[in-house]
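Below: one structure, written as structure tokens.
A quick note: this is a predicted structure, and the numbers were derived from the prediction, not measured.
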Amino acid sequence: MDIFLERLFDGVTNGAVYAIMALALVVVFRSTGTINFAQGEMALFTTYLAWWLTVAVQVPLWIAALVAAAAGFVLGAVVERTLIRPIRRRNDMASLIVALGLFTAFNALAGLLWNSETKTMPSLFPSAMDDFLSVGGARLYWDALGVWLFVIVLIGAVFALFNRTRLGLHMRAVADNPESAALSGVPTGRILMLGWGLAGVIGSLAGVLLTPLSPHQLSLQTMFPILIYASAAALFGGLDSPVGAVVGGLGIGVLEAMITGYVEFIGGTLPQTAALVVIVLILLFRPTGLFGTRQMERL
């Protein structure tokens, strides 16, 4: 039972980070109606920035995390304003191709600036091997609890943004019908830019939180599997549902931990394969996800 609980705790912790990245995808989709496939590599770039500030400049990690979050906001806003918006006006599908191109570009730029060697990323929370709580004979580390708490605060903030603020209402209106929103006086251009900027902030924080927990630490391959898991989580919960992103992220994280722990003889790529299977099944049988909003079109 203690082994099962430890794997469950690991799954919930990793799933919490997947949920944060899925939230970034949901924020972009709810504000712009676009899936940002470059979200993971944008987070990778800002995580490298936080690592560089911490190791090379000797800045405290929490300050480096704030700088990375600010850089993520600027990065997301600039990408939307200079690349996504001009392309999207001509063809909605072209923005997906641009996002895939940005995926490669940010990965290559991170390698150019900080080389391809694996880096060791410090943790925002206590992470000593003897620094844990004992729950049912299983070890629950403080850094895992810190991630859980952060996710709870973040989902509350995103929920309040979309349901309790004028900005959130404008984001939903622009994603649903940008032409009608513009005619109603909503500054669509500013809203689109803010949506991408907020997603950049969330993705940056996800990278800083996840990297110390990853067995591979910080490398050019760190965020690619995270993007797969986060995409599966967002689709599973619903691309327009912040709550669905959290539920999907936790579910994918627990599934990964159980497969990794109990099906070791199959190989390390099985969890990613399972995430891809989840994506395909959701697209086939429930495209809106568990908590997504079904849209009706008049024919």
Side-chain angles (χ1 to χ4, degrees), residues 14 17-29 31-32 34-54 64-65 67-85 87-88 93-119 121 193 195-235 239 245 249 252 269 271-272 275-276 279:
N14 290 335
V17 179
Y18 303 156
I20 300 175
M21 188 64 73
L23 275 175
L25 296 175
V26 168
V27 167
V28 169
F29 187 83
S31 58
T32 67
T34 302
I35 301 176
N36 181 16
F37 290 111
Q39 191 70 64
E41 299 312 292
M42 292 170 64
L44 176 71
F45 185 84
T46 54
T47 303
Y48 266 105
L49 175 62
W51 169 85
W52 177 76
L53 289 173
T54 303
V67 173
F73 181 88
V74 173
L75 198 60
V78 169
V79 164
E80 191 283 327
R81 183 65 182 87
T82 60
L83 295 176
I84 299 299
R85 190 182 306 181
I87 295 296
R88 193 166 180 262
M93 292 301 297
S95 60
L96 299 178
I97 305 302
V98 173
L100 290 175
L102 288 171
F103 175 96
T104 303
F106 281 119
N107 189 281
L109 183 59
L112 180 65
L113 293 176
W114 292 290
N115 68 59
S116 59
E117 295 180 1
T118 300
K119 312 293 193 294
M121 184 76 182
M193 187 170 62
W196 278 72
L198 288 174
V201 172
I202 296 172
S204 299
L205 294 175
V208 173
L209 285 173
L210 170 70
T211 304
L213 302 176
S214 172
H216 305 294
Q217 285 292 309
L218 181 59
S219 70
L220 297 179
Q221 292 76 40
T222 297
M223 287 299 171
F224 179 68
I226 307 308
L227 180 64
I228 294 177
Y229 296 136
S231 299
L235 288 169
L239 277 170
I252 295 295
T269 61
Q272 296 180 31
L276 291 173
I279 292 175

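At a threshold of 4.5 Å between non-hydrogen side-chain atoms, the residues Phe106 and Leu75 count as touching. With a 4.5 Å cut-off on side-chain heavy atoms, Phe103 and Leu227 count as touching.
Here the CD1-CD1 distance, from Ile228 to Ile252, works out to 11.5 Å after rounding to the nearest 0.5 Å. Separating the CG atom in Leu25 from the CD1 atom in Ile20 is a distance of 12.5 Å, to the nearest 0.5 Å. The CG atom of Leu239 sits 5.0 Å away from the CZ atom of Phe29 when rounded to the nearest 0.5 Å.
Here the closest heavy-atom approach between residue Met21 and residue Ala43 is recorded as CE-CB, 3.8 Å. Residues Met223 and Thr211 approach most closely at CE-OG1, 4.3 Å, considering heavy atoms. A pairwise comparison of heavy atoms in Ala233 and Gly249 identifies CB-N, 3.2 Å as the closest pair. Across all non-hydrogen atoms, the minimal contact from Thr118 to Ser219 is OG1-CB, 4.0 Å.
Under the side chain to side chain contact (heavy atoms under 4.5 Å, CB included) criterion, Val74 pairs with Val78, sequence neighbours left out. Partners of Leu83 under the side chain to side chain contact (heavy atoms under 4.5 Å, CB included) rule, at least two apart in sequence or in another chain, are Val98, Leu102. A search for salt bridge (Lys or Arg N to Asp or Glu O under 4.0 Å) contacts involving Glu41 returns nothing, not counting sequence neighbours. Phe73 pairs by the ring-ring contact (aromatic ring centres under 6.0 Å, His included) definition with nothing, not counting sequence neighbours. The side chain to side chain contact (heavy atoms under 4.5 Å, CB included) search around Ala77 returns Met193, not counting sequence neighbours.
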Contacts under 3.5 angstrom, residues 200-210 side chains, donor-acceptor by atom type, not counting sequence neighbours:
{"unit_1": "Ser204", "atom_1": "OG", "unit_2": "Thr46", "atom_2": "OG1", "d": "2.9"}
{"unit_1": "Ser204", "atom_1": "OG", "unit_2": "Ala68", "atom_2": "O", "d": "3.3"}
{"unit_1": "Ser204", "atom_1": "OG", "unit_2": "Gly200", "atom_2": "O", "d": "2.8"}

Could you go through the side chain to side chain contact (heavy atoms under 4.5 Å, CB included) check for Leu113 and Phe45 one step at a time?
CA-CA 10 Å; Leu113 293 176; Phe45 185 84; 3.8 Å; yes

Run the side chain to side chain contact (heavy atoms under 4.5 Å, CB included) test on Tyr48 and Lys119 for me, step by step, so that the C-alpha distance in whole Å, both residues' side-chain angles and the decisive distance to 0.1 Å come before the verdict.
CA-CA 9 Å; Tyr48 266 105; Lys119 312 293 193 294; 4.1 Å; yes

Candidate pair Leu220 and Trp114, rule side chain to side chain contact (heavy atoms under 4.5 Å, CB included), full reasoning:
CA-CA 10 Å; Leu220 297 179; Trp114 292 290; over 6 Å; no

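In this structure, Arg85 places its CZ atom where more than 12 heavy-atom neighbours from other residues, nucleotides or ligands lie under 6.0 Å away.
The side chain to side chain contact (heavy atoms under 4.5 Å, CB included) test with Gln39 is passed by exactly one of Leu44, Val28, Ile226: Val28.
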